[in-house]
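Here the structure comes first, spelled out in structure tokens, and everything after it is commentary.
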Amino acid sequence: MPLPDWAPDDIDPEIPSSARVYDYILGGVHHLDSDRRLAQQITALAPDVPRSGRANRAFLRRAVTHLVTEAGITQFLDLGSGIPTVGNVHEVVHTHNPDAHVVYVDIDPVAIAMSRRMLADTPAATAVRGDFSAIDAVLADPEVTALIDFDRPVAVLAVALLHFMPDAVHPADTLARLRAAMAPGSYLVLSHAGNEGPPEQMSATLELYRRTPTPMVLRSRAEIAALLDGFDLVDPGLVYLSQWRPDPGDVVEVRAFDGYAGIGHLPAASTPQ
Ligand SMILES: C[S@@+](CC[C@H](N)C(=O)[O-])C[C@H]1O[C@@H](n2cnc3c(N)ncnc32)[C@H](O)[C@@H]1O
């Protein structure tokens, strides 16, 4: 079957991708039959997954709004940014500050192709293909450094990303490198799937994700909290997605597969007396 015109030529349509599965789950249009089949198998086993995906996007929107409006952040590095969908980070940011800079980074070729197409007329934002595990290359990428000045506070987003990073690739070490590159006053926004759902649903979901190039790993709250080491947690701390500063009228409910969400703040270096 020919690839749709939006798909880069170098993808294998038979291998589902987590980015395109997530696009399907969120009701997007940039996925293939293999992604749809996998997403349908996942949601048949774990019917709360789409709701959890929407709760994650809502957290992302609230977190970014907080950072641009209340924390005064003017530059955002969105790691594992995904395929563009409703409420993209640069759209949320530019509603409040049209001059703020946004860089999207993702390992998935469709995510980057779609993002670059969307941003063709938006000089304050760009999208770069990159691997979180090779963070030094990401931080040195000329397209990243053209928009992000690491000598000034930056918000780094790792939203629904780190559950694709098994311990074997040492995500904590990568986060430490990132932290070292971030100026005092910077923020790390994190959400991560927890491991407290029904065990049979969780193991079946993990098994299905093994068919993608980015298998999933679920972590406990304590393990997720450890990923924010070195940062001060912004109120209300590391909580379930819908519990993080809900908007007035939001329904705050926790269901199977709801992950954890939090924002870490890198304190300003203390001045020796
Ligand atoms: C569930 S989506 C999250 C998208 C967006 N951050 C959100 O929360 O709505 C996870 C994304 O992480 C990307 N990803 C997985 N492994 C990655 C890696 N090693 N480096 C960069 N991106 C990665 C996937 O391609 C996918 O687009």
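Judged by distance alone, with hydrogens and angles left aside, the side-chain atoms of R255 form no donor-acceptor pair with the main-chain N or O of D48 at under 3.5 Å. For Y104 (side chain) and V89 (main-chain N/O), a donor-acceptor pair under 3.5 Å exists by modelled atom type. Between the side chain of R211 and the backbone N or O of L38, no donor-acceptor pair lies under 3.5 Å. A donor-acceptor contact shorter than 3.5 Å links the side chain of D35 to the backbone of S17. For R20 (side chain) and S34 (main-chain N/O), no donor-acceptor pair under 3.5 Å exists by modelled atom type. Remark: the backbone N or O of A155 is not paired with any side-chain donor or acceptor of S186 at under 3.5 angstrom. Using a distance-only test at 3.5 Å, with no hydrogens or angles considered, no donor-acceptor pair links the side chain of R54 to the main chain of L26. A donor-acceptor pair is defined here as one N or O able to donate and one able to accept, closer than 3.5 Å; no such pair exists between the side chain of H101 and the backbone of A125. The backbone N or O of H170 sits nowhere less than 3.5 Å from a side-chain atom of D173 that would complete a donor-acceptor pair. For the pair H163 (side chain) and L218 (backbone), a donor-acceptor distance under 3.5 Å is absent.
Annotation: the span from E70 atom CD to R245 atom CZ amounts to 6.0 Å, rounded to 0.5 Å. In this structure, CD1 in I224 is found 9.0 Å from CG in L162, a value given to the nearest 0.5 Å. In this structure, CG in L188 is found 9.5 Å from CZ in R179, a value given to the nearest 0.5 Å. Considering CG of L241 and OG of S52, their distance stands at 6.0 Å, rounded to 0.5 Å. Rounding to the nearest 0.5 Å places OG1 of T74 at 9.5 Å from CG of D99. Of the inter-residue distances, the one linking R57 atom CZ with S191 atom OG reads 10.0 Å to the nearest 0.5 angstrom.
Counting only N and O atoms by type, the side chains of S220 and N195 include no donor and acceptor under 3.5 Å apart. Donor-acceptor pairing under 3.5 Å is lacking for the side chains of Y22 and D108. Under the 3.5 Å distance criterion, with hydrogens and angles disregarded, a donor-acceptor pair is assigned to the side chains of Y260 and E196. Neither side chain, H30 nor D23, offers a donor N or O lying under 3.5 Å from an acceptor on the other. Between E253 and Y240, the side chains place no donor N or O within less than 3.5 Å of an acceptor N or O (distance only, hydrogens not considered).
Contact check on R221 versus E223 returns no salt bridge, with no Lys/Arg side-chain nitrogen under 4.0 Å from an Asp/Glu carboxylate oxygen. Using a cutoff of 4.0 Å between basic side-chain nitrogens and carboxylate oxygens, R152 and D149 are scored as salt-bridged. At a threshold of 4.0 Å, the pair D141-R129 does not count as salt-bridged, since none of the basic side-chain nitrogens sits closer than that to a carboxylate oxygen. The pair R177-D136 counts as a salt bridge, with a side-chain nitrogen and a carboxylate oxygen less than 4.0 angstrom apart.
Following chains of ILVMFWY side-chain contacts shorter than 4.5 Å, one can reach F231 starting from L77, so the two form part of one hydrophobic cluster. Under a hydrophobic-cluster definition in which Ile, Leu, Val, Met, Phe, Trp and Tyr are linked whenever side-chain heavy atoms come within less than 4.5 Å, directly or via other members, V154 and L266 are assigned to the same cluster.
Residues H265 and Y187 bring their aromatic ring centres within 6.0 Å.
Judged as a side chain to side chain donor-acceptor pair (under 3.5 Å), and not counting sequence neighbours, the contacts of S18 are T214.
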